[in-house]
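Have a look at the structure below, then the notes.
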Amino acid sequence: MNRRHFLFGSGAALAAAAGVASAQLRRAGGHTPVSVTELQQHWKNLLAPGAQVATDFTPIARTDAEWRSLLSPLAYEVLRHEGTERPWSSPLDAEERAGVFVCAGCSLPLFSSAMKFDSGTGWPSFFTTIPGAFATKLDTMLIVPRTEYHCVKCGGHQGHVFDDGPQPTGLRYCNDGVALRFIPAHA
């Protein structure tokens, strides 16, 4: 861990705590609130028939050489070695279309667009996840311990979860954009 990573992480956490945007859960075309449970199940409705996503949580294993050949150098560093991309470097931070965010390593659905919010941190952020998509572990690389989350299918590092997100969960899944692939909703 170098000083630059610590300062970026600390600055992003302060920015998020100071100005997290509020996420509004609403039914399409209406004003009726949607529960988090409904939202967590709704992602399947966004996928076009035949969309290329993983359909089960069965873990996969690949050699380091296989991962290197399948991923870009930055995606490899983030997914396989828990690296971090620069803030504001991912186009997925500004992605606002309806759709599903899947793991860049194995295509497991992780988040829907309705779970996303603008945290102001420079990384795609979500206030809830598709159930069962992640395993967590304690990350003690910085002075303050953080909860790190990984894709349950390929073990790829996605980011860290913080308790400074919007309601109704109060959580912020701060994800590396390079660890994701976006599939727009079907028309």
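Atoms considered below: every heavy atom in the structure, side chains included; atoms not considered: hydrogens, waters and symmetry mates.
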(Q) Working note: Arg62 + Leu70, criterion side-chain contact (heavy atoms from CB on, under 4.5 Å); need CA distance, chi angles, decisive distance, verdict. (A) CA-CA 10 Å; Arg62 292 191 170 109; Leu70 293 170; 3.5 Å; yes

On a heavy-atom basis, which atom in [X] and which in [Y] lie closest, and how many Å separate them?
X      : Y      : answer
Pro184 : Arg97  : CG-NH1, 3.7 Å
Gly105 : Trp67  : O-CZ3, 3.5 Å
Phe162 : Cys174 : CE1-CB, 3.9 Å
Leu79  : Ala179 : CD2-CB, 3.7 Å
Thr136 : Thr147 : CB-CG2, 3.7 Å
Ala54  : Cys106 : CB-O, 3.6 Å

CG/Asp64: more than 12 non-hydrogen atoms of other groups inside 6.0 Å = yes

Is it true that atom CD of Glu96 has more than 12 heavy atoms of other residues, nucleotides or ligands lying nearer than 6.0 Å?
-> no

Checking side-chain polar atoms at under 3.5 Å, does Arg181 have a donor or acceptor matched by the opposite partner on Ser107?
yes

* Say whether Gln158 and His150, considering side chains only, have a donor N or O and an acceptor N or O under 3.5 Å apart. => no

Would a single hydrophobic cluster contain both [Y] and [X], if residues Ile, Leu, Val, Met, Phe, Trp and Tyr are joined by side-chain heavy-atom contacts under 4.5 Å?
X      : Y      : result
Leu171 : Val152 : yes
Phe57  : Val53  : yes
Met115 : Ile183 : yes
Leu110 : Leu71  : no

So side-chain hydrogen bond (donor to acceptor under 3.5 Å, both in side chains) across residues 45-60, not counting sequence neighbours, yields His42-Asn45, Asp56-Thr58, Asp56-Lys153

First locate atom [atom1] of [X], then atom [atom2] of [Y], and finally report the distance between them rounded to the nearest 0.5 Å.
X      : Y      : atom1 : atom2 : result
Asp176 : Glu85  : CG    : CD    : 4.5 Å
Ile130 : Leu108 : CD1   : CG    : 7.5 Å
Phe182 : Phe101 : CZ    : CZ    : 5.0 Å
Thr129 : Tyr149 : OG1   : OH    : 9.0 Å
Ser113 : Glu95  : OG    : CD    : 8.5 Å
His157 : Cys151 : NE2   : SG    : 12.5 Å

Point to revise | Residue pair Tyr173, Val161: steps toward the side-chain contact (heavy atoms from CB on, under 4.5 Å) verdict | key: CA-CA 4 Å; Tyr173 287 84; Val161 61; 3.7 Å; yes

Check: Glu66 side chain, Arg68 main-chain N or O, donor-acceptor pair, under 3.5 Å
no

**Asked** Does His81 reach the side chain of Tyr76, with side-chain heavy atoms less than 4.5 Å apart?
**Response** yes

| query | Does any non-hydrogen side-chain atom of Phe127 lie less than 4.5 Å from one of Pro168? | reply | yes

task: Examine Phe126 together with Phe117 and report whether their ring centres are nearer than 6.0 Å.
output: no

The side-chain contact (heavy atoms from CB on, under 4.5 Å) partner of Val78 among Val178, Thr84, Asn175 is Val178

Hits for side-chain hydrogen bond (donor to acceptor under 3.5 Å, both in side chains) against His160, two or more places apart or cross-chain, chain-then-number order -> Asp139, Arg146

Test log, rule side-chain contact (heavy atoms from CB on, under 4.5 Å), inputs Leu180 and Cys103: CA-CA 5 Å; Leu180 298 170; Cys103 177; over 6 Å; no

* Give the C-alpha distance, both sets of side-chain angles, the deciding distance and a yes or no for side-chain contact (heavy atoms from CB on, under 4.5 Å) between His186 and Leu47. => CA-CA 6 Å; His186 64 287; Leu47 291 174; 5.6 Å; no

**Report entry** Salt-bridge criterion met for Lys137 and Glu82 (N-O under 4.0 Å)
**Finding:** yes

